[in-house]
Amino acid sequence: MTDKILKNIVILTGAGISAESGIPVFRSESGLWEHERIEDVCVPEALQRNPQKVHAFYNKMRRSLADKKPNDAHLAVAKLQHEWPHVSGGSVTLVTQNIDDLHEKAGSVEVIHMHGALLSARCEFCGASWCQNKDTSPGQPCPKCGKIGGVRPDIVFFEEMPHDMELIERALAKCDLFLAVGTSGVVYPAAGFCRFAKNVGATCLEFNLDKSAVASDFDSGFYGKASETLPKFVDALLSGNKVTSLF
């Protein structure tokens, strides 16, 4: 890592950061997600073919969050968010590919859930979205427009555009440090964020168990459990120490 002045940070988190808290990774080698075929629960056509099945699937996942707790990597991200502005006068933008609420439980604020969130629902008729802690159903009326048949989990299905891409790109365009934590590097557009950040001069670091598919795009990587490597990195960054000397 260079000695250049760092001000604005963008953090991208993926399935790896939540796996340590017992949240299953989205895509398995079997092509199944939580024992269901992805094409049965995570494509727009699935919602049309069998809405009851899709709602039941996400209701089960939503309920499963109740006993899940953030780990030290989530807490380190929240610490950096809260303390970095006071240290540098800069900002920390948190973007996650995860649909769980562990960042929020850890104390993070203004989390950008680019792939949607289990604790949110939206209406396909009016486009409204809202916090949803309880089960949803195909017959549930939209609390905004009152129509029935348009309520769905606020999850970005395959073939759909991720949320808040303009907001994410604006943050990347002004970032000095880009951190990718627990990401595979195979799912676009997130897999291209590192190159975007490097093109504007940012230092790019990845935190993973092993090198990702796009490890060569990064300036350096810290490998092992994110719950161990990330807190050390954050503490060093906040104290002004050289972070690369810690690993």
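- The existence of a salt bridge linking Asp176 and Lys7 is excluded, since no basic side-chain nitrogen approaches an acidic carboxylate oxygen closer than 4.0 Å.
- Lys105 meets the salt bridge (Lys or Arg N to Asp or Glu O under 4.0 Å) test with Asp101; sequence neighbours excluded.
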List, one per line, each side-chain donor-acceptor pair under 3.5 Å for residues 88-96, sequence neighbours excluded.
unit_1, atom_1, unit_2, atom_2, d
Ser88, OG, Trp84, O, 3.0
Ser88, OG, Trp84, NE1, 2.9
Ser88, OG, Gly90, N, 2.9
Ser91, OG, Asn8, OD1, 3.1
Thr96, OG1, Thr13, OG1, 2.8
Thr96, OG1, Asn98, N, 3.0

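- Counting non-hydrogen atoms of neighbouring residues, nucleotides and ligands closer than 6.0 angstrom, the CZ atom of Arg63 exceeds 12 such neighbours.
- The backbone N or O of Ala73 lies less than 3.5 Å from no partner atom in the side chain of Ser227, so there is not a single donor-acceptor pair.
- At distances below 3.5 Å, not a single donor-acceptor pair connects side-chain atoms of Asp100 with backbone N or O atoms of Leu118.
- Side chain of Asp219 to backbone of Cys204: a donor-acceptor contact under 3.5 angstrom is found.
- The heavy-atom pair separating Ile38 from Phe158 by the smallest distance is CG2-CE1, 3.2 Å.
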Under the side chain to side chain contact (heavy atoms under 4.5 Å, CB included) criterion, do Ile168 and Phe193 qualify, and how do the steps go?
CA-CA 9 Å; Ile168 295 169; Phe193 289 175; 3.7 Å; yes

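- Listed by chain and residue number, nothing satisfies the ring pair (Phe, Tyr, Trp, His ring centres under 6.0 Å) test with His113 (two or more places apart in sequence, or in another chain).
- Shown here for Leu205 and Phe218, the closest heavy-atom pair between the two residues is C-CD2, 3.4 Å.
- Listed by chain and number, the residues in a side-chain contact (heavy atoms from CB on, under 4.5 Å) with Pro153 are His55, Tyr58, Ile155 (sequence neighbours excluded).
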Please evaluate residues Arg49 and Val54 with respect to the criterion side chain to side chain contact (heavy atoms under 4.5 Å, CB included), reporting the C-alpha separation (whole Å), side-chain torsions for both, the decisive distance (0.1 Å), and the verdict.
CA-CA 9 Å; Arg49 287 194 309 266; Val54 173; over 6 Å; no

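- Ring geometry, His74 versus His103: the interplanar angle exceeds 60°, so the pair is classed perpendicular (tilted spans 30 to 60°).
- Judged by distance alone, the side chain of Glu206 and the main-chain N or O of Ser212 form a donor-acceptor pair under 3.5 Å.
- Contact record, Gly182 with Asn208: CA-OD1, 3.1 Å, taken as the closest heavy-atom pair.
- Contact detail for Lys53 and Val41: the closest heavy-atom pair is CE-CG1, 4.4 Å.
- A side-chain donor-acceptor contact under 3.5 Å links Glu20 to the backbone of Ala226.
- In this structure, Cys126 and Lys147 have side chains that are not in contact, with every pair of non-hydrogen atoms separated by 4.5 Å or more.
- No donor-acceptor pair closer than 3.5 Å links the side chain of Lys68 to the backbone N or O of Ser21.
- Hydrophobic cluster of Leu209: no remaining members, since no ILVMFWY side chain lies below 4.5 Å from it.
- Scanning for side-chain hydrogen bond (donor to acceptor under 3.5 Å, both in side chains) contacts around His115 gives an empty result, with sequence neighbours left out.
- Taking every heavy atom of both residues into account, Phe178 and Ala197 meet most closely at CB-CB, 3.8 Å.
- The two residues Cys142 and Trp130 come nearest to each other via the heavy atoms SG-CZ3, 3.9 Å.
- In this structure, the side chains of Leu119 and Arg62 come closer than 4.5 Å at one or more pairs of heavy atoms.
- In this structure, Arg152 contributes its side chain and Arg122 its backbone to no donor-acceptor pair below 3.5 Å.
- Between the side chains of Asp154 and Ser120, at least one donor-acceptor pair of N or O atoms lies under 3.5 Å.
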List the steps and the verdict of side chain to side chain contact (heavy atoms under 4.5 Å, CB included) for Gln132 and Gln140.
CA-CA 12 Å; Gln132 182 73 35; Gln140 177 180 339; 3.6 Å; yes

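- A donor-acceptor pair is defined here as one N or O able to donate and one able to accept, closer than 3.5 Å; no such pair exists between the side chain of Asn59 and the backbone of Asp135.
- A donor-acceptor pair under 3.5 Å is absent between the side-chain atoms of Glu104 and the main chain of Val111, judged by distance alone.
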I'd like to know whether Arg170 forms a side chain to side chain contact (heavy atoms under 4.5 Å, CB included) with Lys174, so could you lay out the CA-CA distance, the side-chain angles of the two residues, the decisive distance to 0.1 Å, and finally the verdict.
CA-CA 7 Å; Arg170 286 200 299 271; Lys174 64 177 184 179; over 6 Å; no

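- A 4.5 Å side-chain heavy-atom check between Pro162 and Gln97 finds every atom pair outside the cut-off.
- Using a cutoff of 4.0 Å between basic side-chain nitrogens and carboxylate oxygens, Asp72 and Lys225 are not scored as salt-bridged.
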